[in-house]
Protein chains: 2
Amino acid sequence: MTAKLAIDLDRSSPVPLYFQVAEQISEAIRRGDLPPGSRLDNEIMLADRLGLSRPTIRQAIQYLVDKGLLVRKRGVGTQVVHGQVKRSVELTSLYDDLRRAGQEPVTRVLSLETAPAQEEIAAVLGLEPGAEVLRMERIRYAAGEPLALLHNWLPSGLAPLTAETLSERGLYELLRSAGVRMRVANQRIGARAATAVEARLLDERRGAPLLTMVRTAYDDQGRAVEHGSHIYRASHYSLEVTLIER
Amino acid sequence: MTAKLAIDLDRSSPVPLYFQVAEQISEAIRRGDLPPGSRLDNEIMLADRLGLSRPTIRQAIQYLVDKGLLVRKRGVGTQVVHGQVKRSVELTSLYDDLRRAGQEPVTRVLSLETAPAQEEIAAVLGLEPGAEVLRMERIRYAAGEPLALLHNWLPSGLAPLTAETLSERGLYELLRSAGVRMRVANQRIGARAATAVEARLLDERRGAPLLTMVRTAYDDQGRAVEHGSHIYRASHYSLEVTLIER
DNA sequence: GACATCAGAATGTCCTGACAAACACTGCCA
DNA sequence: TGGCAGTGTTTGTCAGGACATTCTGATGTC
């Protein structure tokens, strides 16, 4: 059964037509106008009805297929995916995650300084050994409890960061608003027992299981923009990852 | 500087032309013929030289941009991404990971049985409560040491699995060769201390930190095809995830 | 009644053509 | 010498058309 699905286009807008179409289909799915399993009109009909060409419609649909919202099958048609597929893969930060979960994260900046990079850090960031890097250490609280100990290194001069802004907003948010566009991140997730120092900072017992994450994020150009080594209280936090295979 | 980059096409092959182009560019990057940062010819020249149209070339390049191998900028051109971007996001299994790392994983099947699904399991798999599911428990060894305790539930009748085949190959490999096409997976990663039973099975001390992963994988249609609850020895294993943001 | 065959429907691939927008560079002018 | 406007290059978007491939369901035959 085909929903009527009203889509209106603004040809004078700088937003590409295919994107306008994709957004409105996506909205319809989110609203429930297009329930899981329902079939879209075929591409030619859609193109006809909206006064667009088939490639434009295809581009819109392809965009949503890549995001995991739609499924196409040759000879069959395009359907809204079944099941509660979560949000697409995203480069999220702990801060974003907590905010989305309705919490009010609080950050305490333990240290923030520029210094010559240690050899290992310079290597992962792709800098000359000894180049200036910004090094910071923070504790993130949620619901009044310490949640994670965050340790980051950034190439110096990337963004104007102060202890004050870092207390109020997340690192990724600050980087994004400074025009840094992160595109690829590699993260390694492990676990280990808390040392005495870590236990004290995180209000855990020594030997308590901690979740560790080491991440390096790269921008458009493949330049490293951030390296982080974080530990989380396993009793209070777990990581969620959604993978989509093309 | 533009490498000459020889690409030969087989128009009689069933492999799409855009894919042939993408594969060969990808190969050239892997071989080092196209070093990071080097510029590709512009799309029109490439199309001209290969006797293809520009949309076909664009499709090939877009494919590689999505995989994180290339970067495009309007008015500038297309470049090979800097930095050592790892493999794209993939739905990997522990077995695949170990094989790729050059190890020879061994699996011991502890149990394998069909039974009515518990309520919770039926819910995550999207089945009627009490529907038949295949439940299995395995231990995975690498280099002679126990590495992980794997607990899985599958809708019954999905693939012909026996304790014998499961000892020799990975679950995901078996599912794939049975025609199951996994496309989306949601995984939650955490950590906790080992219980006495777990410690004995994994040759750890009680209370040792373990990495936990709960994953549900869905196919093309959004139907759940596998649910797993695994624990890994944190001292011997860590998870690696690469995220690409579009 | 079961199986094979065929037609219709839908997406997949590929082509040609055109204009718009962003970026880098050059040369002009103050 | 420094800033600025113009110009060329390159990718981004969009149109319209053609044929191939694959899946579903109906038809027909044994």
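As the structure is a computational prediction, the values presented were derived from the model and not from experiment. Lettering of chains follows the sequences in order, A, B, ..., and the numbering in each one begins at 1.
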| query | Does any donor atom in the side chain of A:Ser229 or A:His151 lie under 3.5 Å from an acceptor atom in the other side chain? | reply | no

| Any idea which of C:dA18, C:dT11, C:dC15 is nearest the B:Arg54 side chain? | C:dA18

| query | Can you check salt bridge (Lys or Arg N to Asp or Glu O under 4.0 Å) on B:Glu43 and B:Arg72, steps first, answer last? | reply | CA-CA 11 Å; B:Glu43 298 172 351; B:Arg72 304 210 252 203; 2.9 Å; yes

| task | Check the pair A:Tyr63, A:Lys67 against side chain to side chain contact (heavy atoms under 4.5 Å, CB included), reporting the backbone distance first and the verdict last. | result | CA-CA 6 Å; A:Tyr63 177 81; A:Lys67 290 222 305 189; 4.1 Å; yes

| message | We want to know whether A:Thr107 and A:Arg138 form a side-chain donor-acceptor pair, criterion being a heavy-atom distance below 3.5 angstrom. | response | no

| request: Please check if the side chain of B:Glu132 supplies one atom and the backbone of B:Pro155 the other of a donor-acceptor pair under 3.5 Å. | output: no

| Rounded to the nearest Å, what distance is computed from the CD1 atom of residue B:Ile44 to the P atom of nucleotide C:dC15? | 15 Å

| query | Between C:dC14, C:dT11, D:dC14, which one does the side chain of A:Ser53 approach most closely? | reply | D:dC14

| query | What residue among B:His227, B:Arg135, B:Met136 forms side-chain contact (heavy atoms from CB on, under 4.5 Å) with B:Leu154? | reply | B:Met136

| Can you check the A:Leu46 CG to D:dA15 P distance for me, whole Å? | 13 Å

| Candidates D:dT13, C:dT13, C:dC15 - which lies nearest the side chain of A:Tyr18 | D:dT13

| message | Any donor-acceptor pair under 3.5 Å linking the side-chain atoms of A:Asn152 with those of A:Glu226? | response | yes

| Can you check the B:Asp41 CG to D:dT10 C1' distance for me, whole Å? | 12 Å

| Distance check: side-chain N/O of A:Thr78 vs OP1/OP2 of C:dA10, anything under 4.0 Å? | no

| note | From CG of A:Leu40 across to C1' of C:dA9 the rounded distance in Å is 16 Å

| note | Considering only heavy side-chain atoms of B:Arg58, the closest of D:dG12, C:dT11, C:dT13 is D:dG12

| task | Write down the distance between CD (B:Gln62) and P (C:dT13), rounded to a whole number of angstrom. | result | 14 Å

| said: Under 4.0 Å, heavy atoms only, any strand: does A:Pro55 hit a base, just the sugar-phosphate, or nothing? | reply: base

| To the side chain of B:Arg72, which of C:dC14, D:dC14, D:dT11 is closest? | D:dT11

| Value rounded to 0.5 Å, distance of CD in A:Glu137 from CG in A:Leu150 | 9.0 Å

| field | Residue B:Arg74, side-chain heavy atoms: nucleotide from C:dA22, C:dT13, C:dT11 that is nearest | value | C:dA22

| Toward the 5' end of DNA chain D, which comes first, B:Ile61 or B:Pro14, by nearest nucleotide? | B:Ile61

| Rounding to a whole Å, what distance do you find between B:Leu70:CG and D:dT10:P? | 16 Å

| message | Can you measure B:Leu17 atom CG to C:dG12 atom C1' for me and round it to whole angstrom units? | response | 12 Å

| Steps toward side chain to side chain contact (heavy atoms under 4.5 Å, CB included) verdict (A:Val71, A:Val65) | CA-CA 6 Å; A:Val71 172; A:Val65 169; over 6 Å; no

| Rounded to the Å, how far apart are A:Asp48 CG and C:dA10 C1'? | 15 Å

| Inter-end axis angle, the helix from C:dG1-D:dC30 to C:dA30-D:dT1, with every axis fitted to five base pairs (rounded, 10 degrees) | 10°

Identify the pairs formed between an N or O of the protein and an N or O of nucleotides 3-9 of chain D at a distance under 3.5 Å, and give each distance.
none

| said: So for atom CD, which belongs to A:Glu113, do other residues, nucleotides or ligands contribute more than 12 heavy atoms lying within a distance under 6.0 Å? | reply: yes

